[in-house]
Amino acid sequence: MTEIRYRLQQVRRVEGSLPGPRSQQLTERRASAVASGVASSVPAWAADVDGGIVVDVDGNQLVDLGSGIAVTSVGASAPAVVARVKEAVEHFTHTCFMVTPYEGYVAVAEKLAELAPGDFPKKAALFNSGSEAVENAVKIARAHTRRQAIVVFDHAYHGRTNMTMAMTAKVMPYKQGFGPFAGEVYRVPVSYPFRDPEGMTGTEAARRALLQVEKQVGADNVAAVVIEPVQGEGGFIVPAAGFLPALSEWCRDNGAVFVADEVQAGIARTGAWFAVDHEGVVPDLVTVAKGVAGGMPLSGVVGRAEIMDSVHAGGLGGTYGGNPVACAAALGALETIEEWDLIGRARRIEEVVREELEPLASGTGIVGELRGRGAMMALELVLPDGREPHAEAARAVAAECLGQGVIVLTCGTYGNIVRLLPPLVIGEDLLRDGLRVLARAVHRAAR
Ligand SMILES: *Cc1c(COP(=O)(O)O)cnc(C)c1O
């Protein structure tokens, strides 16, 4: 594996209390200037980030097991991203691709078409955020099928715009008080092996969902089935084998567009370019964002050319979509993933996580399941020796880790999932150090 050179020393160090005095000052300042609806989970403020380390404004060195929610897979200051961004920004920051086009946009579209599954002609369109990509996939699917219904799943997360709030399952904090939501969105059960009836297969779970679609929506009305191949915010839920292929097949048989929302799981995160690759599933459309541009805001929809092309000229776009600096960053990030074999590293991260955390599943009574793929792993915490979600333990574990200088995020419909999304460039020693802090925190929460 390529040896990665880091700019910052890759060790955890917490001096005094966390947050330190400078962070506390900024938190006070923020209180009178930043809307309180925007919250932060870490009370320490960032000063410098490289590899698996976040240095805060007080000089503490935190281990990053969150990557800014699965974004900085290549690191937050990857050399190839930094170099290409600098080069781009010195020439132009913006022209608007809908006014004066530029090559970077085409290069990113070509690259996404090359990487996305399927050996048919593919095209892409670029946007700014994951929500926008999902929303555009819906527009494209509706234009293509001339149908309206969008099928989504329990525990789904697709974003915070009006359309994507409707598609997102969890009400708090994402939807509470923000309705009315967009119509023609239908939610059906997902495959959630830990909570489904014992022994339910992926095919059976798909039947359960699709029967509901047929009876309550009508197969002929479905424009698209939209699913995260590994659910992110909903709890890092990996569906049972066979579930995704069955959905994909149903879409093909019924003229619906199968959309994989790979915003969180895609772009090497799970140890493959796309999470659907693990089961050889070929979606009609794929949405990407988060990990695609090394931290710069960029998203895209990529898929079958004939579907992508069903929208009239001018029907897709946006002022900033596919910004030239963000495109340069994406080319740098995708190049880094290839050159540093970050797909191999994601797989290695899974091995290390399993090695360090598997003992918790049998040894603490509160870890219902350790699951995930690649560098997208999670612990589902439950009340002692049962299946009842234990959100309080997840909160306590994340807080304890933070106090020790390890950034760990939680998620899940029930708030009881501790999720790990380390940058794929994290060194093994640092990763193990962070995981051992986490393991101790879980033991403490179990007492
Ligand atoms: C984060 C996320 C989104 C929304 O992306 P934003 O960039 O926050 O708008 C959509 N889908 C999935 C699966 C996500 O994880």
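Here the structure is a predicted model, which is why all the values come from computation and not from measurement. One-based numbering, in listed order, for ligands and for the atoms of each.
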*For the residue pair Y102 and F97, categorise the inter-ring angle as parallel (less than 30°), tilted (30 to 60°) or perpendicular (more than 60°).*
perpendicular

*Non-neighbouring partners of E392 that pass side chain to side chain contact (heavy atoms under 4.5 Å, CB included), sequence neighbours left out*: H390, R395

_Would you say R160 and T168 are linked by a side-chain donor-acceptor pair, where the criterion is simply a distance under 3.5 Å?_
no

*Which residues pass the side chain to side chain contact (heavy atoms under 4.5 Å, CB included) test with L8, sequence neighbours left out?*
Q10, D48, D50, V55

*Any luck finding a side-chain donor-acceptor pair between E233 and Q264 under 3.5 Å?*
yes

*Hey, which residues fall under 4.0 Å of ligand 1 on heavy atoms?*
S129, G130, S131, Y157, H158, G159, E228, D261, V263, Q264, K290

*Could you pull out all residues at least two apart from A109 that satisfy side chain to side chain contact (heavy atoms under 4.5 Å, CB included)?*
A124

